[in-house]
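Below is one structure, written out as structure tokens; the observations come after it.
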Amino acid sequence: MRRHNWTGYASGPECTGGGRDVTVLAARPANEGPDERESPRSRGRSVLVRLRPVLLAVAAAVALILAFPPHDLWFLAPVGVAAFALATHGRRTRSGAALGFLTGAILFGVMLTWTSTQAGRMPWLLLSGLQAAYLAAQGAAAAYTSPLVVRRPWLIAPVTAVLWTLQEALRGRVPFGGFPWGRLAFSQGDSPLLGFAAVGGAPLVTFATALVGGLLVALFMIFTAPGSRTGRAGFTASSLKRAAAVTGAAVLTVVAGLAVPTTAPRGRAVTVAIVQGNVPRLGLDFNAQRRAVLDNHVNGTLELARRVAAGEAAKPDLVVWPENASDIDPLRNPDAARLISEAADAVDAPILVGTLGQAADPEKIINVGQVWHPSTGPGERYIKQHPVPFAEYVPFRSLARKVTDKVDLVRRDFAAGDRPGVLQLGPARIGDVICFEVAYDGIVRDTVLAGGQILAVQTNNATFNVAEAEQQLAMVRLRAVEHGRDALMASTVGVSGFVDAHGRVYGATSFFTAAVVIRELHIDNRRTLATRLGAGPEYLFVAGALVALVAAALVRRRAKTEEEQ
């Protein structure tokens with residue numbers, strides 16, 4: 001007599017250490033033979049059952065795409081996590097990897113389309129494929145841990161959450177320092193879960209988001225598991241009690257995010273102006289427009305000075321220009337220095353200028369945030385610590401050239417700085433990070449630990465599009481909550497704007513326009529729990545994921561031993 005495994009949504013030999021994919025919603029009793037004349041409806045259901053994992057993997061990608069800017073449907077992030085978990089649960093490991101890659105290829109293929117705007121299709125496809133490989137590994141891990149959770153359904157939520165956090169931790173570090181774009185945490189700008197950033201940073205927000213997704217999976221499995229008396233899935237007193245407990249856990253997680261107290265700065269108010277000068281045209285050749293871009297930012301600042309003198313605008317204590325506002329090095333070019341001094345003197349405030357400079361290695365250059373004082377000129381500067389591979393420096397250049405000749409637009413590699421970007425700008429100590437550095441936990445945290453009182457992100461989005469700019473602004477929102485700092489993003493073309501310590505955005509500019517926005521920000525030296533803990537929560541979640549994988553290996557070994565006996 002054949003033995004059936006009544007474990008619910010995704011069960012069968014794979015869930016007990018066997019070797020094939022099985023998805024069981026209901027099983028035919030052992031004494032009932034196969035239906036030799038299967039109806040068209042039954043055949044349709046059979047096809048749907050076989051396609052269900054693929055459809056779920058696609059649905060996961062769609063839900064996650066819509067959760068991120070520019071769509072901002074944050075509540076779909078847990079739904080995407082749940083669909084991904086359901087797609088991979090109960091699969092063979094290699095099937096889980098294939099399904100994970102499918103989700104990742106769609107997700108990153110759409111999310112990172114801005115990389116193809118100027119660089120072409122091949123770099124976009126390679127980057128998207130590399131990021132998808134991490135979701136493939138996560139899918140394989142989710143499938144591998146299925147035997148662990150199939151008889152312990154209460155584990156599905158935490159295991160899903162720690163595996164997601166592990167994937168992001170790896171993707172944000174390797175290769176070439178990682179590419180942490182598209183972390184779940186960066187989709188939660190309008191979510192109650194954003195509050196967790198003040199306790200455990202981006203890793204805790206990702207964990208909480210994935211945990212809610214895992215609880216949705218648990219809820220689904222409860223109602224699709226066969227009833228103890230009827231042998232069919234349905235609503236029983238027991239299932240309703242379990243469902244209520246799972247729903248309560250999901251609600252409690254969300255409410256806990258709302259309950260986390262965010263730290264609002266209490267110090268002195270300073271008036272900050274962002275000058276978004278715009279560029280003559282978008283594209284990778286923005287360096288060829290460098291004098292026009294510098295003129296735009298000078299003229300924007302001179303117009304601000306005129307408005308201040310006329311009583312039409314508040315006088316700023318400090319001014320922030322974006323990355324690449326002056327790609328003519330003012331320390332080596334007297335004409336550029338004269339123009340910037342003219343702007344600083346006119347507005348009578350120090351300017352943080354995004355510029356380029358000469359590295360110690362004569363073959364390299366540096367990406368710089370340069371303080372420029374009225375009357376006295378250049379002051380402190382910050383050198384970007386994390387140049388972007390294949391955009392600001394080209395590893396394996398001869399090999400990369402075979403993929404695209406666009407790499408030769410990076411004529412000289414950028415050298416990396418070795419100090420946090422903390423700069424005295426008038427009455428405030430600015431924690432400066434440049435462009436993609438805002439995605440990296442440690443780089444932003446170091447500016448706060450070194451004394452940064454306001455977070456400033458200088459960026460140049462002229463090579464991308466508005467979706468990329470809005471995704472970057474979402475990162476600024478999380479960082480503001482994470483470190484209890486008022487923050488700003490200054491872009492050449494948009495989006496520029498201010499963010500308070502609760503993650504709310506003010507004065508966001510339109511894309512591809514010239515604009516000046518002014519706001520009072522507050523300085524502070526206090527540190528949130530997230531600032532103090534640093535990567536501690538992430539290490540804890542990674543350890544939890546490793547424990548889950550080891551436990552799954554033991555369960556599989558035990559099942560194999562029992563089968564052999």
Side-chain angles (χ1 to χ4, degrees), residues 265 267-278 293-326 328-331 335-355 368-382 421-434 447 451-460 485-492 496-500 506-507 509 514-525:
R268 169 185 173 182
V270 295
T271 302
V272 182
I274 299 172
V275 177
Q276 177 178 301
N278 203 12
V293 175
L294 172 57
D295 287 344
N296 286 353
H297 287 86
V298 169
N299 291 335
T301 307
L302 293 176
E303 174 60 18
L304 170 62
R306 186 199 65 76
R307 290 171 54 204
V308 170
E312 299 171 0
K315 181 183 181 305
D317 295 304
L318 56 104
V319 178
V320 179
W321 288 4
E323 177 189 27
N324 301 125
S326 174
I328 305 171
D329 182 0
L331 300 185
D335 188 45
R338 178 184 59 77
L339 289 171
I340 297 171
S341 291
E342 180 183 352
D345 292 344
V347 79
D348 193 26
I351 302 174
L352 180 60
V353 179
T355 186
V368 177
Q370 175 72 59
V371 176
W372 205 273
H373 298 288
S375 302
T376 59
E380 299 175 308
R381 69 177 184 175
Y382 165 61
V422 180
L423 306 167
Q424 189 70 43
L425 204 64
R429 294 284 284 172
I430 299 296
D432 186 28
V433 296
I434 298 177
T447 68
Q453 300 168 322
I454 293 173
L455 297 178
V457 179
Q458 295 177 287
T459 187
N460 174 23
R485 294 291 189 270
D486 284 346
L488 64 92
M489 186 166 91
S491 169
T492 47
S496 302
F498 297 99
V499 179
D500 70 14
Y506 300 89
T509 62
V516 175
V517 286
I518 305 172
R519 182 174 174 81
E520 275 194 353
L521 302 182
H522 289 79
I523 63 176
D524 206 341
N525 293 305

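- Each of Val371, Val422, Thr447, Ile434 was checked for a side chain to side chain contact (heavy atoms under 4.5 Å, CB included) with Tyr382, and the lone residue meeting it is Ile434.
- Ala273 and Leu304 make their closest contact through CB-CD2, 3.7 Å (heavy atoms, listed as atom of the first residue, atom of the second, distance).
- Remark: the backbone N or O of Gly426 is paired with a side-chain donor or acceptor of Gln424 at under 3.5 angstrom.
- For the pair Pro265 and Asp524, the tightest heavy-atom approach, listed with the atom from each and the gap, is CA-OD2, 3.2 Å.
- Pairs passing the side chain to side chain donor-acceptor pair (under 3.5 Å) check and including a residue from residues 371-380, sequence neighbours excluded, read Ser341-Trp372.
- Leu331 is listed as a side-chain neighbour of Arg381, based on a closest heavy-atom distance under 4.5 Å.
- Here the straight-line distance linking atom CG of Asp317 with atom CG of Asp348 works out to 10.0 Å at 0.5 Å rounding.
- Counting heavy atoms from C-beta on, the side chains of Asp432 and Gln458 come closer than 4.5 Å.
- Looking only at atom types and distance, the side chain of Thr355 has no donor-acceptor partner in the side chain of Trp321 under 3.5 Å away.
- Interatomic distance, CG of Leu455 versus CG of Asp486, reported as 9.0 Å (0.5 Å rounding).
- No side-chain heavy atom of Asn296 sits under 4.5 Å from any side-chain heavy atom of Val275.
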Test side chain to side chain contact (heavy atoms under 4.5 Å, CB included) applied to Asn525 and Gln453, step by step: CA-CA 6 Å; Asn525 293 305; Gln453 300 168 322; 3.1 Å; yes

Worked check of side chain to side chain contact (heavy atoms under 4.5 Å, CB included) between Leu302 and Glu342: CA-CA 8 Å; Leu302 293 176; Glu342 180 183 352; 3.9 Å; yes

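- Looking at Gln276 and Thr509, their side chains do bring a donor and an acceptor atom within 3.5 Å of each other.
- The backbone N or O of Gly452 sits less than 3.5 Å from a side-chain atom of Arg485, completing a donor-acceptor pair.
- Nearest heavy-atom pair across Thr271 and Glu520 is OG1-CG, 3.7 Å.
- Considering CD1 of Ile351 and OG1 of Thr301, their distance stands at 5.0 Å, rounded to 0.5 Å.
- Contact between Gly277 and Ala514 at its shortest, heavy atoms only, is O-CB, 3.8 Å.
- Expressed to the nearest 0.5 Å, how far CD of Gln370 lies from CG of Asp329 amounts to 8.0 Å.
- Between Pro322 and Thr492 there is a side-chain heavy-atom pair separated by less than 4.5 Å.
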Working for side chain to side chain contact (heavy atoms under 4.5 Å, CB included), residues Val270 and Ile454: CA-CA 10 Å; Val270 295; Ile454 293 173; 3.7 Å; yes

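- The structure places CG of Leu352 at 7.5 Å from CD1 of Ile430, a figure rounded to the nearest 0.5 Å.
- Between the CG atom of Asn278 and the CG atom of Asn299 there is a distance of 12.5 Å, given to the nearest 0.5 Å.
- The backbone N or O of Ser491 lies less than 3.5 Å from no partner atom in the side chain of Thr459, so there is not a single donor-acceptor pair.
- Of all heavy-atom pairs spanning Pro427 and Leu318, the tightest one is CD-CD2, 4.4 Å.
- Scanning all heavy atoms of the two residues, the minimum distance from His522 to Gly267 falls at CD2-O, 3.2 Å.
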